[in-house]
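Here is how names work: the chains are called A, B, and so on, in the same order as the sequence lines, proteins then strands, and each is numbered from 1.
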There are 2 protein chains.
Amino acid sequence: MPKRTYKQHCALARALDAVGERWTLLLVRELLTGPKRYKDLQQGLPGMGTNLLADRLKELVEGGLILRCAHGYSLTPRGAQLEEAIIALARFGAPLLGQRKPDEHWSASWNVVALKYAFNAVRAKTLEGVIEYRIDGSTVQARVDRGTIATASGPRWNPDVVATADGDTFLGIASGEVDPDSAERAGTLLLEGSRRVWRGALRAFGPG
Amino acid sequence: MPKRTYKQHCALARALDAVGERWTLLLVRELLTGPKRYKDLQQGLPGMGTNLLADRLKELVEGGLILRCAHGYSLTPRGAQLEEAIIALARFGAPLLGQRKPDEHWSASWNVVALKYAFNAVRAKTLEGVIEYRIDGSTVQARVDRGTIATASGPRWNPDVVATADGDTFLGIASGEVDPDSAERAGTLLLEGSRRVWRGALRAFGPG
DNA sequence: CGGAATCCTCTTCGATACTG
DNA sequence: CAGTATCGAAGAGGATTCCG
């Protein structure tokens with residue numbers, strides 16, 4: 001099996017040899033929020049052939065980027081180093097998001113990554129606290145402290161404010177098409193806890 | 001032409017829809033150092049079919065990432081936004097570089113990108129000045145000022161120090177396999193100008 | 001000569017069916 | 001549940017040819 005390579009002595013080409021094939025970075029994105037089973041990966045990657053998923057998993061294990069574990073597959077520390085590149089790519093792709101098309105898939109867990117790329121360290125300078133997002137039944141947390149951010153895919157920290165809404169409402173707020181105050185009055189967005197932290201979060205994660 | 005897409009409402013998937021196909025990011029890398037003609041691109045991307053290059057160029061023009069210009073093709077401001085993602089990927093790929101294999105291509109112009117990803121803002125805090133690298137006849141400059149870096153693919157600024165060597169010597173120094181002082185004594189590395197700035201550059205760009 | 005379009009072969013992808 | 005096997009469709013790679 002002569003694996004296809006660019007044959008360039010270049011760091012970018014090497015990275016693309018390792019993770020540049022179709023589906024690979026999306027697979028890593030799935031594992032960025034914690035270990036996943038084969039079945040969960042399939043559901044998070046609709047359209048990916050099951051043989052291809054098996055192939056990619058094998059490649060990534062051989063490359064030392066992921067690990068077989070009791071609960072399926074998880075990222076190694078080396079694999080987790082891809083987070084920065086994924087965030088940078090996502091930041092580039094964000095302006096292309098537009099409105100969600102009817103045939104497009106969407107998963108609440110992708111918001112963990114979204115929080116990171118949307119996070120604006122400069123505007124978050126004065127923000128400190130934990131924001132908990134409850135989206136379509138799943139929980140995502142962001143912990144902001146002195147211009148840095150940490151995220152979690154479940155309830156890890158004690159939240160200062162809890163925001164509950166369905167996916168479309170959050171997507172609308174994130175894109176700037178939905179006004180948070182209006183959504184709250186309309187009852188599609190429910191806020192519990194510190195208003196001050198919530199307003200800071202809007203500043204840190206909002207568009208523009 | 002139904003273009004292949006991941007059909008996910010996710011910023012990473014959107015980015016990969018736009019630039020995730022084979023060769024695309026390497027093509028953008030070529031243009032990061034300035035406008036290039038079709039022929040130059042072919043030479044910088046050995047192994048890429050000419051039809052594929054034409055297709056990719058068309059896609060990128062349609063996507064607003066590159067522009068036809070008098071001298072061939074150049075990046076638009078939007079296309080230049082890919083630099084951060086490319087640097088992040090290259091930083092991930094750098095540990096995979098190893099030694100240059102005999103069948104691997106290498107181009108001096110790739111060092112412009114390399115300087116950026118290898119640049120360590122923390123260690124460069126006290127460095128200020130312009131370093132000029134002359135590699136196999138081509139000139140690359142790095143301008144460091146208060147922890148920030150700018151690069152140029154030709155002689156744009158007045159250099160504080162000029163380092164002249166062949167590609168293998170620079171690759172060896174970058175990977176830590178060649179000691180700069182030994183290389184200088186051996187005559188494979190020639191330094192002209194400020195020793196202080198050179199030592200600072202070694203700290204800012206060196207491995208480890 | 002630079003800048004492609006065409007043709008043909010080979011590999012990879014994606015979907016479905018199948019197995020331990 | 002976690003994969004393997006199969007096969008048609010799409011994409012990639014190389015050579016050649018065409019066009020201005």
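- Atom CG in B:Leu26 sits roughly 15 Å away from atom C1' in D:dG13 (whole-Å rounding).
- Between B:Phe119 and B:Phe205, the angle of the ring planes lies from 30° to 60°, which puts this pair in the tilted group.
- For B:Tyr73 and C:dG2, the shortest distance from a side-chain N or O to OP1 or OP2 is not below 4.0 Å.
- Taking a 6.0 Å sphere around CG of B:Asp103, one finds it holds more than 12 heavy atoms contributed by other residues, nucleotides or ligands.
- The phosphate of C:dA5 (OP1 or OP2) has a side-chain N or O of B:Lys58 nearer than 4.0 angstrom.
- Taking atom NZ on A:Lys3 and atom P on D:dG13, their separation rounds to 13 Å, with Å as the unit.
- Around atom CD of B:Glu192, more than 12 heavy atoms belonging to other residues, nucleotides or ligands sit under 6.0 Å away.
- Of all the residues in residues 28-45 of chain A, A:Arg37, A:Tyr38, A:Lys39 reach under 4.0 Å from DNA chain D with at least one non-hydrogen atom.
- A distance-only check finds a donor-acceptor pair linking the side chain of B:Thr76 to the backbone of B:Gly64 [under 3.5 Å].
- A:Arg29 has its side chain within reach of B:Gln8: a pair of non-hydrogen atoms, C-beta onward, lies under 4.5 Å apart.
- Annotation: the span from B:Arg100 atom CZ to B:Leu171 atom CG amounts to 7.0 Å, rounded to 0.5 Å.
- Geometrically, A:Arg56 does not engage A:Trp23 in a cation-pi contact defined by less than 6.0 Å to the ring centre and at most 45° from the axis.
- With 3.5 Å as the limit, one finds a donor-acceptor pair spanning the side chains of B:Thr5 and B:Asp17.
- Axis angle across the helix from C:dC1-D:dG20 to C:dG20-D:dC1, with five pairs used at each end and values rounded to 10°: 30°.
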Heavy-atom contacts, protein to nucleotides 13-20 of chain C, under 4.0 Å, summarised as B (base), S (sugar-phosphate only) or - (none) per nt, yield SBBBB---
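- Side-chain contact between B:Leu31 and B:Val28 is absent, with no heavy-atom pair separated by less than 4.5 Å.
- Taking CD1 of B:Ile135 as the start and CG of B:Asn111 as the end, the distance is 4.0 Å to the nearest 0.5 Å.
- Between the side chains of A:Thr148 and A:Asp145, not a single donor N or O lies within less than 3.5 Å of an accepting N or O.
- An OP1 or OP2 oxygen of D:dG13 is reached within less than 4.0 angstrom by no side-chain nitrogen or oxygen of A:Lys7.
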